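The structure appears right after this line, and notes come after that.
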Amino acid sequence: MARKETDKSRIAPAYKKLLSTFGGQNWWPAETPFEVCVGAMLTQNASWGNVEKALANIRARGALSLAKLHAMPDEELAELIRPSGYFRLKAKRLKHLLAFLADVKGGKWRDFLRSLSLEKARETLLKVHGVGPETADSILLYSADMPSFVVDKYTLRIGGRCGWFPHGTKYEEARAIFMESVAKNVKVYNEFHALIVRLGANFCKTKPLCADCPLNSVCPKKI
DNA sequence: ATCCCGAAAG
DNA sequence: CTTTCTGGAT
């Protein structure tokens, strides 16, 4: 049969369903735009609970600022962020991002990013060693309030299963599909990614709980 | 494909 | 005990 197996038009209805079921997720859980950047680096392949422990360690040291962290030796920073995993690696990566942010004149790194076009700002962040697509998009969306859709492991898994796009679709392609499927709007991108994370963590897991899934009625269950 | 790495869930 | 967690570089 030549029936179309995937259809991005399923995306917008799924968003509505998730939002009506779970409500607004109030992301990103951080006090300041800078804290979003730190959290975005630390949460790479780590659970948020462990990232919170790392952030608490930094805060307890009174070091949750660009100047303090930038000046801190790598080994000291590594010890503080130990709970978030890959601590030696992440200390170096975080320092690379801090160096980039600190290099912006007048400390206006957020204004600088916002002065660029979305794709130019994204390219600029991707040049920072340790900042990949998801981290760059997280910083753009949740720190700079720029409309860059964040894709993650859950997004690709859910999208494949729900027939939003083919299994095996890569990051950039998935991002493009989302950005042409829902309103190009910071608030929508913010909520949608957060809702996807919640769905992926609680229902669309490796072993999916389809019976209780909020998307059960709109998912072809292409597992 | 492999490495980086701790913490909690399964 | 094994898998997974709001990945990225080599």
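Chain letters run A, B, ... following the sequence lines, proteins first, then strands; residues in each count from 1. Remember, predicted model here, so these are calculated numbers, not experimental data.
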Report, one line per pair, each donor and acceptor closer than 3.5 Å where one atom sits in a side chain of residues 190-202 of chain A; sequence neighbours left out.
unit_1	atom_1	unit_2	atom_2	d
Asn190(A)	ND2	Trp27(A)	O	3.2
Glu191(A)	OE1	Gln25(A)	N	2.8
Glu191(A)	OE2	Lys187(A)	NZ	3.1
His193(A)	ND1	Val150(A)	O	3.2
Arg198(A)	NH1	Gln25(A)	OE1	3.4
Asn202(A)	ND2	Arg198(A)	O	3.2

task = Could you measure between the two P atoms, the one in dC3(B) and the one in dT6(C), and give it in whole Å?
result =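 Per the computed distance, 24 Å lies between those P atoms.
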
key: dA7(B) versus dG8(C) - spacing of their P atoms, nearest Å   =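 To the nearest whole Å, 22 Å.
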
query = Do Lys68(A) and Glu76(A) meet the salt-bridge criterion of a basic N to acidic O distance under 4.0 Å?
reply =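 No, this pair does not count.
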
query = Does Asp74(A) pair with Lys92(A) as a salt bridge, N-O distance under 4.0 Å?
reply =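 Here Asp74(A) does not pair with Lys92(A) in a salt bridge, since their nearest N and O are not under 4.0 Å apart.
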
ask   = Quick one: hydrophobic cluster around Leu126(A), which other residues, with the 4.5 Å side-chain cut-off, linked directly or via members?
value =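 For Leu126(A), no cluster forms, as it stays isolated from other hydrophobic side chains.
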
task = Mind listing the residues from residues 50-58 of chain A sitting with a heavy atom below 4.0 Å of DNA chain B? Number order is fine.
result =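 Close to the strand are Asn50(A), Lys53(A).
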
message = Just to be sure I understand the geometry, which residues of residues 85-104 of chain A put a non-hydrogen atom under 4.0 Å away from DNA chain B?
response =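 DNA chain B contact set from residues 85-104 of chain A: Gly85(A), Tyr86(A), Phe87(A), Arg88(A), Leu89(A).
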
query = Which residues within residues 18-45 of chain A lie with some heavy atom under 4.0 Å of an atom in DNA chain C?
reply =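 Of all residues in residues 18-45 of chain A, the ones placing a heavy atom under 4.0 Å from DNA chain C are Trp27(A), Trp28(A), Pro29(A), Thr43(A), Gln44(A), Asn45(A).
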
Neighbours of DNA chain C within residues 183-199 of chain A, by heavy-atom distance under 4.0 Å =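 Close to the strand are Val197(A).
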
Side-chain polar contacts of residues 33-48 of chain A - donor-acceptor pairs under 3.5 angstrom, sequence neighbours left out - could you list them?
unit_1	atom_1	unit_2	atom_2	d
Glu35(A)	OE1	Glu31(A)	N	3.3
Glu35(A)	OE1	Arg59(A)	NH2	3.1
Glu35(A)	OE2	Arg59(A)	NH2	2.8
Thr43(A)	OG1	Ala46(A)	O	3.4
Gln44(A)	OE1	Arg93(A)	NH1	2.8
Gln44(A)	NE2	Gly130(A)	O	3.0
Gln44(A)	NE2	Thr135(A)	OG1	3.0
Asn45(A)	ND2	Tyr86(A)	OH	2.8
Ser47(A)	OG	Asn50(A)	ND2	3.2
Trp48(A)	NE1	Glu52(A)	OE2	3.4

request  = Kindly write out the residues that satisfy side-chain hydrogen bond (donor to acceptor under 3.5 Å, both in side chains) with Ser84(A), not counting sequence neighbours, or none if the list is empty.
outcome  =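 Ser84(A) satisfies side-chain hydrogen bond (donor to acceptor under 3.5 Å, both in side chains) with no residue once adjacent residues are dropped.
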
ask   = In chain order, what residues pass the side-chain hydrogen bond (donor to acceptor under 3.5 Å, both in side chains) check against Ser9(A), with sequence neighbours excluded?
value =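 Counting only residues at least two positions away or on another chain, Ser9(A) forms a side-chain hydrogen bond (donor to acceptor under 3.5 Å, both in side chains) with Asp7(A).
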
message = Could you check whether atom CD of Glu172(A) has more than 12 heavy atoms from other residues, nucleotides or ligands sitting under 6.0 Å from it?
response =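 Count over threshold, so yes.
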
task = Mind listing the closest non-hydrogen atom pair of Cys219(A) and Arg161(A) along with its distance?
result =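 In this case the closest contact between Cys219(A) and Arg161(A) is SG-O, 3.9 Å.
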
ILVMFWY network linking [X] to [Y], side-chain heavy atoms under 4.5 angstrom:
X	Y	value
Met179(A)	Leu156(A)	yes
Leu66(A)	Leu69(A)	yes
Tyr171(A)	Leu125(A)	yes

First-last contacting nucleotides on DNA chain C - partner chain A, under 4.0 angstrom, heavy atom =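 That gives a stretch of dT4(C) to dT10(C).
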
ask   = For DNA chain C, whose closest nucleotide is more 5', that of Lys207(A) or that of Gly130(A)?
value =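 It is Lys207(A) whose nearest nucleotide is closer to the 5' end.
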
Residue whose closest nucleotide on DNA chain C lies nearer the 5' end, Ser47(A) versus Leu126(A) =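 Upstream on the strand: Ser47(A).
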
For residues 211-218 of chain A, tabulate all N or O donor-acceptor pairs below 3.5 Å that involve a side-chain atom, not counting sequence neighbours.
unit_1	atom_1	unit_2	atom_2	d
Asn216(A)	OD1	Lys221(A)	NZ	3.2
Asn216(A)	ND2	Cys210(A)	O	2.6

request  = Give every residue pair that meets the side chain to side chain donor-acceptor pair (under 3.5 Å) criterion with at least one member in residues 98-114 of chain A, sequence neighbours excluded.
outcome  =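 Every pair satisfying side chain to side chain donor-acceptor pair (under 3.5 Å) with a residue in residues 98-114 of chain A: Arg110(A)-Asp145(A).
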
message = Taking the six-membered ring of Phe149(A) as reference, does the cationic atom of Arg175(A) (NZ for Lys, CZ for Arg) lie under 6.0 Å from its centre and within 45° of its axis?
response =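 Negative - Arg175(A) is either too far from the ring of Phe149(A) or too far off its axis.
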
message = What's Thr206(A) touching, base or sugar-phosphate or nothing? Going by heavy atoms closer than 4.0 Å.
response =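 Sugar-phosphate contact only - Thr206(A) comes under 4.0 Å of backbone atoms but never of a base.
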
